[in-house]
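Note sheet for the following structure.
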Amino acid sequence: MQRYNPGEIEPKWQQYWDAHNSYHVIETADKPKLYVSGMFPYPSGSGLHSGHAFSYTIVDAIARFYRAHGHNVLNPMGWDTFGLPAENFAIKTGTAPAEVTKDNIANFKNQFKRLGISIDWDREINTTDPEYYRWTQWIFAQFFKRGLAYQKEAQQWWCPVDKTVLANEQVENGKCWRCGNEVEKKAMKQWFFKITEYADALLNEIPDLDWPEKIKTAQTNWIGRSEGMAIKFQLNGLGADKEHLEVFTTAHDTIYGVTFMVVAPEHPIVERYGQFADNQADIELYVEKAARKSELDREIEKKKTGVPIEGLFAINPINGNKIPVWVADYVLLSYGTGAIMAVPGEDERDFEFAQKYDIPIVFTTEQQEFVDYSHIKADRKSYRLANSDTFNGMDFETGRQKIMESIKETDAGDMIVQYKMRDWLISRQRYWGAPIPIIHCEKDGAVAVPDDQLPVVLPEVKDYAPKGDGQSVLATVEDWVNTTCPECGGPAKRETDTMDGYACSSWYLLRYADPKNDQQAWDPAKANYWSPVDYYVGGDHAVAHLLYVRFWAHVFNDMGLLSHKEPVKKLVYHGYINAEDGRKMSKSLGNVIDPLDIVDQGYGADTLRTYVMFMGPIELDSSWSSKGVAGVYRFLNRVWTLSQEYQSAEKADELDSDNQLRRLTHKTIKKVTGDYRNLSFNTAIAAMMELVNELYKLKVNGFSSEWQNSLRALAQLIGPVAPHLASELWQQHGGENEVDSAEWPAWDETLVLDDTVTIVVQVNGKVRAKLSLPAGTDEKTATETALADENVRKFTANQKPAKVVYVPGRLVNIVV
RNA sequence: GCCGCGAUGGCGGAAUUGGUAGACGCGCGGGACUCAAAAUCCCGUUCCAGUAAUGGAGUGUGAGUUCGAUUCUCACUCGCGGCACCA
């Protein structure tokens with residue numbers, strides 16, 4: 001008898017699938033479509049890690065399961081290849097990023113094949129391929145024409161020593177990652193996508209998404225919609241009397257409690273009027289310090305600091321009170337108007353600040369002590385207004401409405417909606433990204449590169465290191481930068497910033513539908529056939545990527561390029577695999593498990609795949625267990641061995657145990673099918689293990705021809721998780737074609753139902769006996785049998801039951 | 001701090017609408033095969049008492065609803081994840 005040898009059967013089937021292009025699909029009306037994809041990988045130099053193996057096994061199991069159910073399954077693969085690691089490697093070694101990337105892709109592709117992932121390789125895409133980013137650029141140009149891409153000044157991290165812009169991840173503890181000097185914020189002109197215009201549209205669709213609740217709430221909070229009032233306060237002193245200071249507040253009902261105003265250090269009025277203040281030097285010093293503070297410092301330094309702009313006041317529109325204006329970095333320029341009305345009686349931050357700087361505190365609730373506004377907001381009816389003139393004594397529900405009307409009457413403010421979400425900063429001063437397809441002309445300003453001049457190909461350079469002028473290396477390629485304006489034909493310069501990598505990944509799921517189209521980004525008919533993605537599998541990017549793909553799809557829908565707004569129907573968000581010691585896998589800890597090592601050790605891809613699916617529910621984090629891997633290998637071995645024994649055994653025509661065999665098999669088919677459908681892979685595998693254990697017990701009676709049906713069904717059932725073994729066994733048992741193009745086994749409901757059932761007998765809710773009764777036993781018989789049971793009688797003491805609860809087919813509960 | 005999720009044997013986990021808690025796997029104990037070991041196969045395995053039948057306790061803690069709660073409600077403790085001075 002041949003031993004189970006994955007090292008032999010796995011390459012055999014991988015070559016077969018390759019040679020037959022088994023997983024290539026085209027649009028067809030004959031079958032229901034099913035589009036499943038993992039989040040495409042960044043092909044790093046170290047190859048697939050265990051997280052990849054997990055993610056793409058989930059994808060593949062779904063793909064194979066539905067393929068076996070007659071669906072037209074699209075399971076594509078592509079490479080998210082722009083980004084920092086390749087660029088840094090290039091800076092260090094001088095190797096072109098494209099070269100490094102090419103090798104890494106080849107390695108990844110090979111490894112995916114060795115895991116038996118059923119991919120349609122004809123649809124392979126690569127974001128750094130000019131034929132791909134040509135359309136990324138085209139989309140940018142479309143966004144630009146629609147006013148969804150624009151330029152504005154924004155704060156960027158700037159290293160004054162290296163004279164370069166830094167990305168967030170290049171700032172470590174407020175210091176430049178390369179030279180170690182302190183970085184500062186600097187205002188520079190940047191490109192943005194106007195995602196805020198779609199804030200409401202994106203928010204409105206969230207409740208209907210079949211996505212994990214935690215991702216939905218993360219996105220809801222990220223968008224952060226809040227309704228409040230924009231209120232203008234007249235300025236006074238330092239020559240500012242003609243100006244207003246506008247604030248945003250959700251607590252306008254506390255406006256009588258405003259005892260000071262706070263503006264962000266970057267707020268324009270600071271520079272405009274601070275110079276006339278007596279404490280001008282202090283203000284300047286404070287602003288400068290705030291600019292240098294990294295986000296981390298701000299976090300550590302929880303204590304609030306600030307300086308007043310001496311001599312500058314604001315007039316409270318509701319009562320004419322003259323209020324001092326302060327500068328403090330706990331107010332952010334980027335939210336609301338960059339200025340607040342401070343209400344220390346009801347806001348914790350303002351309270352802390354007022355105490356520290358001895359600013360008066362006015363309580364506007366009848367409690368006359370500090371009450372955080374979140375409490376008031378939670379139950380407005382229970383709090384009453386105080387120190388609020390004619391509004392005193394009103395509950396906050398009424399007072400809020402009346403004060404709002406009163407403020408509106410004075411023309412000082414109105415209700416508005418604010419979002420926490422900011423526009424998406426898309427420009428990067430880096431080499432290894434898709435060039436922004438814009439030409440700057442002195443006469444015509446920023447002009448989109450015409451469609452027929454796309455792609456704007458990334459020029460080759462010798463040195464990839466930034467030159468220190470705050471621009472990307474592209475700025476040094478003069479004959480690339482200098483061009484002609486498409487509008488006027490005059491001399492013009494190319495934009496030298498490249499796009500954030502997230503741009504490339506915001507539309508790749510649509511490109512898979514039509515990956516080789518050189519006339520358009522995709523044919524809408526093809527995209528509308530495949531999209532939305534039915535299952536999108538990943539364990540990362542709760543907001544960023546998963547919000548951007550939604551944003552772009554909404555825009556594409558508006559452009560008429562897509563028939564629907566939401567690109568992902570069901571999001572499968574899986575957990576992390578930790579190391580055996582329970583900690584995160586990391587090279588420095590030396591606890592990394594390389595999935596290909598597991599394959600090479602002789603376990604094979606099927607064991608690896610089945611193991612990662614058996615570890616637990618996919619949405620939970622788990623820890624690697626080498627003992628667990630061995631256990632799964634044992635299981636696959638048992639499946640194999642059973643099949644070999646059957647094939648070489650003498651088969652009886654029929655056995656007494658055949659009916660039992662049939663019942664077991666049909667029950668398992670039903671259970672496993674349901675579990676796969678719910679993505680409950682661990683219990684599906686457990687059910688198959690249970691069947692195999694039972695089959696081992698049954699085989700002592702010998703084999704009959706009935707076994708053929710069971711073993712074939714078993715081969716099909718393990719197919720989604722262990723496709724090589726399944727294919728091999730399927731072939732051995734005379735199955736035609738490939739296992740996942742065979743019809744999925746059906747079950748007979750009458751065989752699934754047991755003819756005898758175990759009825760639990762409880763007395764006062766405690767189990768006292770178990771009865772084996774024919775299915776469908778009526779209540780009267782069941783109760784009588786239960787009452788007659790010896791052990792039950794011990795506990796009922798022959799008393800007449802006060803009540804009997806009967807659950808058909810399950811239990812009798814006798815209450816005495 | 002806010003939001004979301006979770007807590008079940010020695011361990012990972014199971015229990016589809018409230019109805020036998022601990023499926024399946026690991027580990028552990030015992031047995032078969034073997035000169036022996038590995039591999040394989042079989043049996044047992046929540047804890048306590050008992051040879052056993054059986055009894056008692058038991059799903060983070062405390063209460064509640066119910067004939068019956070791992071499941072529902074309230075309060076709390078701990079852990080994980082996301083966001084974080086968002087006015």
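Chain A is the first sequence line, chain B the second, and so forth, proteins listed ahead of strands; every chain is numbered from 1.
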Between C1' on B:rA15 and NZ on A:K671, what's the gap in Å once rounded to a whole number? 9 Å
Given atom CE of A:M615 and atom P of B:rG25, what is their separation to the nearest angstrom? 17 Å
Could you grab the distance from atom CZ of A:F353 to atom CH2 of A:W326, nearest 0.5 Å is fine? 5.0 Å
B:rC80 phosphate, OP1 or OP2: any side-chain N/O from A:N578 under 4.0 angstrom? no
A quick test of your reading: do over 12 heavy atoms of other residues, nucleotides or ligands sit less than 6.0 Å from CD of A:E348? no
Gap in Å between the two P atoms, one belonging to B:rG60 and one to B:rU8, rounded: 6 Å
Taking NZ, NE, NH1 and NH2 as the nitrogens, is one of them in A:K780 or A:D778 under 4.0 Å from a carboxylate oxygen of the other? no
Within less than 4.0 Å of OP1 or OP2 of B:rG25, is there a side-chain N or O belonging to A:N682? no
Between C1' of B:rA87 and OH of A:Y330, the distance in whole Å: 9 Å
Rounding to a whole Å, what distance do you find between A:L636:CG and B:rG25:C1'? 13 Å
For B:rU20, does either OP1 or OP2 sit under 4.0 Å from a side-chain N or O belonging to A:R768? no
How many Å lie between CZ on A:R583 and P on B:rC80, as a whole number? 15 Å
Roughly how many Å apart are B:rA87 and B:rA14, using the C1' atom of each and rounding to a whole number? 48 Å
Is any side-chain N or O of A:K766 closer than 4.0 Å to OP1 or OP2 of B:rA57? yes
Which part of the nucleic acid, if any, lies within contact of A:K214, taking any heavy atom under 4.0 Å across all strands shown: a base, the sugar-phosphate backbone alone, or nothing? sugar-phosphate
Does A:R810 make a side-chain N or O approach to OP1 or OP2 of B:rG18 shorter than 4.0 Å? no
Applying a 4.0 Å non-hydrogen cut-off, can you work out what A:S622 is touching in the nucleic acid: base, sugar-phosphate, or nothing? nothing
Side-chain donor/acceptor of A:K697 to base of B:rC42, under 3.5 Å: no
For A:F248 and B:rC85, give me the distance from atom CZ to atom C1', rounded to whole Å. 16 Å
Please state the C1' separation for the pair B:rA39 and B:rC33 - nearest whole angstrom. 11 Å
CD (A:E790) with more than 12 external heavy atoms under 6.0 Å: no
Looking at B:rG25, I'd like to know if its phosphate oxygens (OP1 or OP2) sit under 4.0 Å from a side-chain N or O belonging to A:S625. no
Could you state the CG-C1' distance from A:D581 to B:rG12, rounded to the nearest angstrom? 15 Å
When you measure from the side-chain N and O atoms of A:R638 to the phosphate of B:rU40, is any distance below 4.0 Å, counting only OP1 and OP2? no
Earlier contact from the 5' end, RNA chain B, for A:I215 and A:R634: A:I215
Using a heavy-atom cut-off of under 4.0 Å over every strand shown, decide if A:K216 touches base, sugar-phosphate, or nothing. nothing
Give a yes or no on whether a salt bridge exists between A:D372 and A:K377, defined as a side-chain N under 4.0 angstrom from a carboxylate O. no
Does A:E205 pair with A:R550 as a salt bridge, N-O distance under 4.0 Å? no
Can A:R422 and A:T196 be counted as having a side-chain donor-acceptor contact under 3.5 angstrom? no
Give me the distance, rounded to whole Å, that separates B:rC72 from B:rG27 when you measure between the C1' atoms they each carry. 36 Å
note: A:N693, atom CG; B:rC26, atom P; distance rounded to Å ~ 9 Å
Determine the Euclidean distance between corresponding C1' atoms of B:rA75 and B:rU65; express it in Å to zero decimal places. 15 Å
Taking only the P atom of each, what is the distance from B:rG25 to B:rU40 in whole angstrom? 14 Å
For a quick check of understanding: with a heavy-atom distance under 4.0 Å over all strands, which category does A:V815 fall into, base, sugar-phosphate or nothing? sugar-phosphate
RNA chain B stem ranges, 3 or more consecutive Watson-Crick or G-U pairs under 3.5 angstrom: B:1-7 with B:77-83, B:10-12 with B:24-26, B:27-32 with B:40-45, B:46-49 with B:54-57, B:60-64 with B:72-76
More 5' along RNA chain B: A:Y696 or A:E690, using each one's nearest nucleotide? A:E690
Is it true that A:R768 and A:D789 make a salt bridge, defined as a side-chain N closer than 4.0 Å to a carboxylate O? no
So, OP1 or OP2 of B:rA39: does either fall under 4.0 Å of a side-chain N or O from A:N637? no
In a table with atom names and distances, give each donor-acceptor pair under 3.5 Å that connects a side chain of residues 757-766 of chain A to protein atoms at least two apart or in another chain.
residue : atom : partner : partner atom : Å
A:N764  : OD1  : A:V816  : N            : 3.0

